[in-house]
Amino acid sequence: MRRAGWWIADYAYAAYWQVRAAFDRRDPASFTSGDAAPIVILPGVYETWRFMQPLISTLHERGHPVYVLDALKRNQRPVQDAARVVTAFLERADLSDVLLVAHSKGGLAGKLAMAGSAGTRVRAMLAVATPFGGSRYARMLPVRSLRAFSPSHPSIVELAGRSDVNDRIVSVYATFDPHIPEGSELPGARRNVRLDTGGHFRILADPRVLGEVASLSEP
């Protein structure tokens with residue numbers, strides 16, 4: 001019953017913010033002012049950056065310039081392509097000492113970008129509910145963009161081998177994730193933070209997420 005309640009609450013959160021995102025018209029440039037560490041937002045699959053706007057607004061209020069990547073759209077492209085978008089943005093904007101804040105698939109693209117040519121521009125990444133080891137449920141899904149999360153998919157296998165950047169990643173995840181039964185623990189991570197709750201989406205609003213960003217922001 002507890003897991004069922006988490007599941008219902010998680011999808012209610014996701015549905016609410018997906019609808020809000022569809023009607024939101026705030027200019028993303030309004031988030032780019034601030035003197036704290038710059039943050040780049042990487043949403044999950046089928047999410048635009050606006051799905052993460054509650055977190056974006058709070059981070060901006062705390063002094064962070066926050067950047068979003070419209071080019072990712074709903075993040076349906078392969079992880080390698082998404083990582084190239086991240087790399088191109090970091091180089092074009094000439095950002096350094098960046099914190100990546102990613103949800104789900106966004107964390108896979110972020111990790112791959114950290115292992116690439118722009119990796120030295122990234123201080124660290126906070127990954128929320130990211131399937132670093134894949135999800136066994138992905139094998140049963142009819143959509144190619146979701147089957148790519150299978151533990152045996154080449155992109156997941158490749159990322160597992162790029163452990164050299166793991167010590168710059170903090171992985172935050174729920175005790176029960178209805179999308180990732182394996183969990184999101186990352187071997188060799190800077191920190192693995194397991195929250196005593198359930199969900200894949202609503203943990204974006206957990207205070208520990210903001211706490212981990214604050215910790216990563218410290219010199």
Side-chain angles (χ1 to χ4, degrees), residues 13-14 16-77 79 81-130 165 168-172 190 201 203-219:
Y13 176 93
Y16 176 79
W17 285 109
Q18 285 283 23
V19 171
R20 283 286 300 267
F23 291 97
D24 183 80
R25 294 294 180 267
R26 182 163 179 179
D27 183 356
S30 65
F31 297 115
T32 58
S33 61
D35 298 322
I39 289 175
V40 173
I41 297 294
L42 304 178
V45 66
Y46 298 129
E47 299 170 4
T48 70
W49 65 265
R50 295 183 188 279
F51 182 76
M52 296 177 65
Q53 188 163 317
L55 180 58
I56 292 170
S57 296
T58 302
L59 292 171
H60 183 244
E61 288 166 3
R62 295 189 175 196
H64 294 279
V66 183
Y67 299 89
V68 303
L69 281 64
D70 277 323
L72 286 177
K73 298 182 180 178
R74 298 180 70 225
N75 202 4
Q76 294 173 256
R77 67 184 69 194
V79 169
D81 290 353
R84 281 192 282 270
V85 170
V86 177
T87 296
F89 174 80
L90 293 174
E91 293 176 344
R92 183 174 63 253
D94 196 24
L95 294 177
S96 59
D97 208 27
V98 170
L99 299 178
L100 302 179
V101 176
H103 179 233
S104 193
K105 180 185 177 181
L108 302 180
K111 180 181 175 181
L112 193 55
M114 290 171 71
S117 61
T120 56
R121 296 179 179 272
V122 178
R123 180 196 300 187
M125 178 171 70
L126 176 67
V128 181
T130 292
V165 300
R168 289 191 284 143
I169 298 174
V170 174
S171 181
V172 179
R190 179 167 179 168
F201 303 104
I203 61 171
L204 284 167
D206 193 285
R208 285 291 299 274
V209 171
L210 290 172
E212 292 299 330
V213 173
S215 177
L216 292 173
S217 301
E218 295 174 358

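With values rounded to the nearest 0.5 angstrom, L216 atom CG is found 5.0 Å from R190 atom CZ. If you take CG on L99 and CG on L59, they are separated by 9.5 Å, rounding to the nearest 0.5 Å. Interatomic distance, OG1 of T48 versus CG of L69, reported as 12.0 Å (0.5 Å rounding). The CG atom of D81 sits 10.5 Å away from atom CG of L72, with the distance rounded to the nearest 0.5 Å.
In the displayed structure, D35 atom CG is contacted under 6.0 Å by at most 12 heavy atoms of other residues, nucleotides or ligands.
Under the 4.5 Å side-chain criterion, counting only non-hydrogen atoms from C-beta, S57 is in contact with F31. Inter-residue side-chain proximity for K105 and L42 is flagged as unmet; no heavy-atom pair is nearer than 4.5 Å. Looking only at side-chain heavy atoms (C-beta outward), L204 and Y13 come within less than 4.5 Å of each other. Looking at L108 and T130, their side chains come closer than 4.5 Å, going by heavy atoms from C-beta outward. Side-chain atoms of V213 and H64, non-hydrogen and from C-beta on, do get closer than 4.5 Å to each other. In this structure the side chain of L95 never reaches within 4.5 angstrom of the side chain of V122, judged on heavy atoms. Side-chain contact between F23 and V19 is present, with heavy atoms from C-beta onward closer than 4.5 Å. Annotation: side chain of I56 is in contact with side chain of W49 (closest heavy-atom distance under 4.5 Å).
Nearest heavy-atom pair, T87 versus A113, reported as atom, atom and distance to 0.1 Å: OG1-CB, 3.9 Å. Of all non-hydrogen atoms in A127 and I169, the two that sit nearest each other are CB-CG2, 4.4 Å. When every heavy atom of R121 is checked against every heavy atom of D94, the shortest pair comes out as NH1-OD1, 3.1 Å. Residues M125 and G110 share a closest heavy-atom pair of SD-CA, 3.8 Å. Across all their heavy atoms, R123 and R168 have their closest contact at O-CD, 3.5 Å. Of all non-hydrogen atoms in T32 and P65, the two that sit nearest each other are O-CB, 3.2 Å.
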Go through the steps for S33 and H60 under the test side-chain hydrogen bond (donor to acceptor under 3.5 Å, both in side chains), then give the verdict. CA-CA 8 Å; S33 61; H60 183 244; 3.1 Å; yes
For V66 and I41, what are the C-alpha separation, side-chain angles and deciding distance, and is it a side-chain contact (heavy atoms from CB on, under 4.5 Å)? CA-CA 7 Å; V66 183; I41 297 294; 3.5 Å; yes
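Panel note: side chain S215, backbone G211; no donor-acceptor pair is recorded below 3.5 Å. Side-chain atoms of T58 come within 3.5 Å of backbone N or O of P54 as a donor-acceptor pair. A distance-only check finds a donor-acceptor pair linking the side chain of R50 to the backbone of R26 [under 3.5 Å].
Remark: of the listed residues H103, R74, Q76, K73, H103 is the sole one forming a side-chain hydrogen bond (donor to acceptor under 3.5 Å, both in side chains) with E47.
Under the 3.5 Å distance criterion, with hydrogens and angles disregarded, a donor-acceptor pair is assigned to the side chains of E91 and S117.
Classified by interplanar angle (parallel below 30°, tilted 30° to 60°, perpendicular above 60°), the ring pair F201/F51 is perpendicular.
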